[in-house]
**Q** 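Just dropping this structure here.
Here is how names work: the chains are called A, B, and so on, in the same order as the sequence lines, proteins then strands, and each is numbered from 1.
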Amino acid sequence: MKKSVLFLLLLSHLSFAKTEYSVIINRRLQMDSISKLDLKSVFSARKTNLNGTKVQLILPSATDPVVVTFLKSIGLSSGEFDRIWLEKALSGQAHMPAKKGSSYEVISTVGYTLGGIGIIPKTDEDKMTEMVKILDIH
Amino acid sequence: MFKLIISCGLLFVSSSLHAEMNTKIYGYIDGYWEKVEDTPRIGNSGKNKNPSEFDTPHVHALVMSSKDSYKAFFNLSAGDQQKDALEVRNAWVEKELLSDKLSFRIGKLYRQFGLYNEILDAVPTYIGIEPPEMFDPNHLLLTRTTNAMLHGKTNMGPEEQLSYSITTGNDERKTDAQSLGVNVHYTLGANWKLGASYYTSGGRAVSDQQGFEKTVGSGAVLNWMLHDTYDVSGVYLQYTDAKWIVQIESFQSNHKAVRDATVVTSLCADPNVSLNARQRARFNCGGAVNTNGDYQVSTSYLRTGYVIPLTEGSLTPYFQYDIYENEETIWQTDFGGDNEAGLSDNGRFAKATVGAVYRPDFNVALKLDYSQHMQDVNDKENNYGEVRFSFSYIWSL
């Protein structure tokens, strides 16, 4: 019984660790922190510029558990997120967020995209290059 | 269709050559089926048979390119409604003048007007299959496209934002009229949107289908008007969250119009044109044509949906209720009528719709709904139903 409880605790800890996220940006954006409200404005397409630079979202996938956790933390569901961006893209108002297959791709795309902002699992922070940096959320 | 594919290919090749630009191609296809019950006729108790119909009303390729403060957008359509001809729905360029606060757009563009005008082609993204009645192409309140727009948005607080736009263009102008459109909306967080829109033809406008035996035009001016000076105004409210979508809009237009006596005489005299007693009286059929064509149009709707997450995707049951009133239009679309308000005794009808959208993934939408049209025809309530199914798929390159 004790072993089962320990195993479940370990499992839940591992899955929690897997969905912890980091918000990364292109280093040239010259920002160190952002408020949750501003982040929500950016991810709900209401704010399209940061520090005078056009923002480009780069994500693993809107249904990736890390992205789902991140979106939930700023008060958006993945369904709302998809609907908002599809509407914007299909009416010419904004580009859809770029979808990448791995953290490596998210990091490298954010790195070469001025205005790039992306989400990666916290456990992948060690894969970051000098072109990107982690944004503090307050 | 072939032209559409070639155009997409060329655009993709050109986008690949300019790696510093951010260019994306999106597209969607909407397969559609509908069956309308037998519909009443004007003047007798017989009914018109309506066979079920398959259609591909939305076959779109969209290209958006941006670089620095510049942006360009194409919306090419090749749906059945265009009989497989390629139609440029939108083609515009934009320059950001003052960050998010002010941009200038010019070309052929959908004006910001109400909740739906800009997104009406993006069928897979919204609840419902048919547009709200105010955007039904058989009885538009104004043209959907125009030519120039100044627009922007500004923050009014941590979560509040004000968006605004003014538009102008050729629209339906007859000679020196200069149309003006204004739209303002206030958003609170990602949930609430409250707005108002106004449009004036800015002088005399004419239909691009003016005359007898013509189908409906692309704007608000009826085919039998010599000219029409009109304005449209209304308000809208939207609430969305992870579960709920609620939308309410109400618009009214005022027309100061002059009827073309020759066209109206033909409408009155042709045995193929079915006019009810009220319409004959308005036109003064049988006597000197009444050329005073002043009238009003009013329309409102409520749309609501509730998102139920599933193991794979989501299911959104929805309900819609539309009211539309237009005392001037006639029944048959072959003569410029609208097939709905013009059919009813008093120019008024209501439509209630229930349905559901199933989205197995964000880029696929299967929709099924049923509408009941409610109106008085030949002095009695004469309702009919309609079933529709739509299957749309969005892709991107």
**Q** Do B:Asn155 and A:Lys47 have side chains that get closer than 4.5 Å, going by heavy atoms?
**A**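 The answer is yes, as the side chains (C-beta and beyond) meet within the 4.5 Å cut-off.
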**Q** Report yes or no: does A:Arg46 contribute a side-chain atom to a donor-acceptor pair with the main-chain N or O of B:Gly189 at less than 3.5 Å?
**A**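 Yes; at least one donor-acceptor contact below 3.5 Å.
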**Q** Could you tell me which residues in residues 89-97 of chain A have at least one non-hydrogen atom under 4.5 Å from a non-hydrogen atom of chain B, sorted by residue number?
**A**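 Answer by number: A:Ala89, A:Leu90, A:Ser91, A:Gly92, A:Gln93, A:Ala94, A:His95, A:Met96.
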**Q** Tell me, side chain or backbone of B:Glu94 under 4.5 Å from chain A's heavy atoms, or both, or neither?
**A**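 It is neither, since no heavy atom gets under 4.5 Å.
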**Q** Between B:Gln161 and chain A, with a heavy-atom cut-off of 4.5 Å, which part of the residue counts as in contact: side chain, backbone, both or neither?
**A**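 Answer is side chain: those atoms of B:Gln161 sit under 4.5 Å from chain A.
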**Q** Identify which part of A:Lys40 has an atom lying under 4.5 Å from any heavy atom of chain B, answering side chain, backbone, both or neither.
**A**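 The side chain, not the backbone.
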**Q** For atom NZ of B:Lys95, is the number of surrounding heavy atoms from other residues, nucleotides or ligands below 6.0 Å larger than 12?
**A**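 Atom NZ in B:Lys95 is packed in, count exceeds 12.
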**Q** Where on B:Ser103 is there a heavy atom nearer than 4.5 Å to chain A: the side chain, the backbone, both, or neither?
**A**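 Neither part; nothing is under 4.5 Å.
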**Q** Output the residues of residues 125-138 of chain A for which the shortest heavy-atom distance to chain B is under 4.5 Å, in residue-number order; output 'none' if no such residue exists.
**A**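 Residues in range: none.
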**Q** Select one option (side chain, backbone, both, neither) describing which atoms of A:Leu37 are under 4.5 Å from chain B's heavy atoms.
**A**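 Contact with chain B involves the side chain of A:Leu37 alone.
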**Q** What part of B:Thr240 is in contact with chain A, defined as an atom under 4.5 angstrom from a non-hydrogen atom: side chain, backbone, both or neither?
**A**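 Backbone plus side chain of B:Thr240, per the 4.5 Å heavy-atom cut-off to chain A.
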**Q** Below 4.5 Å, heavy-atom pairs only: which of A:Leu114, A:Thr48, A:Thr113 has the largest tally toward chain B?
**A**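 Sorted descending by pairs with chain B, the first entry is A:Thr48.
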**Q** Heavy-atom distances under 4.5 Å only: say whether B:Ile394 touches chain A with side chain, backbone, both or neither.
**A**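 When you check distances to chain A, only side chain atoms of B:Ile394 fall under 4.5 Å.
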**Q** With a 4.5 angstrom heavy-atom cut-off, which part of B:Phe362 approaches chain A: side chain, backbone, both or neither?
**A**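 Both parts, backbone and side chain.
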**Q** Of the backbone (N, CA, C, O) and the side chain (C-beta and beyond), which part of B:Asp100 lies under 4.5 Å from a heavy atom of chain A, both, or neither?
**A**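 Both backbone and side chain of B:Asp100 come within 4.5 Å of chain A.
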**Q** Considering only heavy atoms, which portion of B:Tyr28 lies under 4.5 Å from any heavy atom of chain A: side chain, backbone, both, or neither?
**A**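 Side chain only.
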**Q** Below 4.5 Å from any heavy atom of chain A, which atoms of B:Lys71 appear? Answer side chain, backbone, both or neither.
**A**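 Only the side chain of B:Lys71 comes within 4.5 Å of chain A.
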**Q** Supply the atom-to-atom distance A:Glu87 CD to B:Ile119 CD1, rounded to the nearest 0.5 angstrom.
**A**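 Separation between the atoms: 4.0 Å.
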**Q** Should B:Asn22 and A:Lys54 be marked as a side-chain contact (heavy atoms from CB on, under 4.5 Å) after you check the CA-CA gap, both sets of side-chain angles, and the distance that decides it?
**A** CA-CA 11 Å; B:Asn22 188 2; A:Lys54 190 75 55 202; over 6 Å; no
**Q** Count the heavy-atom pairs under 4.5 Å between each of B:Phe73, B:Tyr126, B:Trp92 and chain A, then report the option with the highest count.
**A**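 Of the candidates given, the most pairs with chain A belong to B:Phe73.
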**Q** Quick check on A:Leu76 against chain B: is it the side chain, the backbone, both or neither that has a heavy atom closer than 4.5 Å?
**A**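 The side chain, not the backbone.
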**Q** Among A:Ile84, A:Thr53, A:Leu86, A:Asp38, which residue forms the greatest number of heavy-atom pairs with chain B at distances under 4.5 Å?
**A**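 Heavy-atom pairs under 4.5 Å are most numerous for A:Leu86.
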**Q** Do A:Glu80 and B:Val307 have side chains that approach each other closer than 4.5 Å (heavy atoms only, starting at C-beta)?
**A**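 Counting from C-beta outward, A:Glu80 and B:Val307 never come under 4.5 Å.
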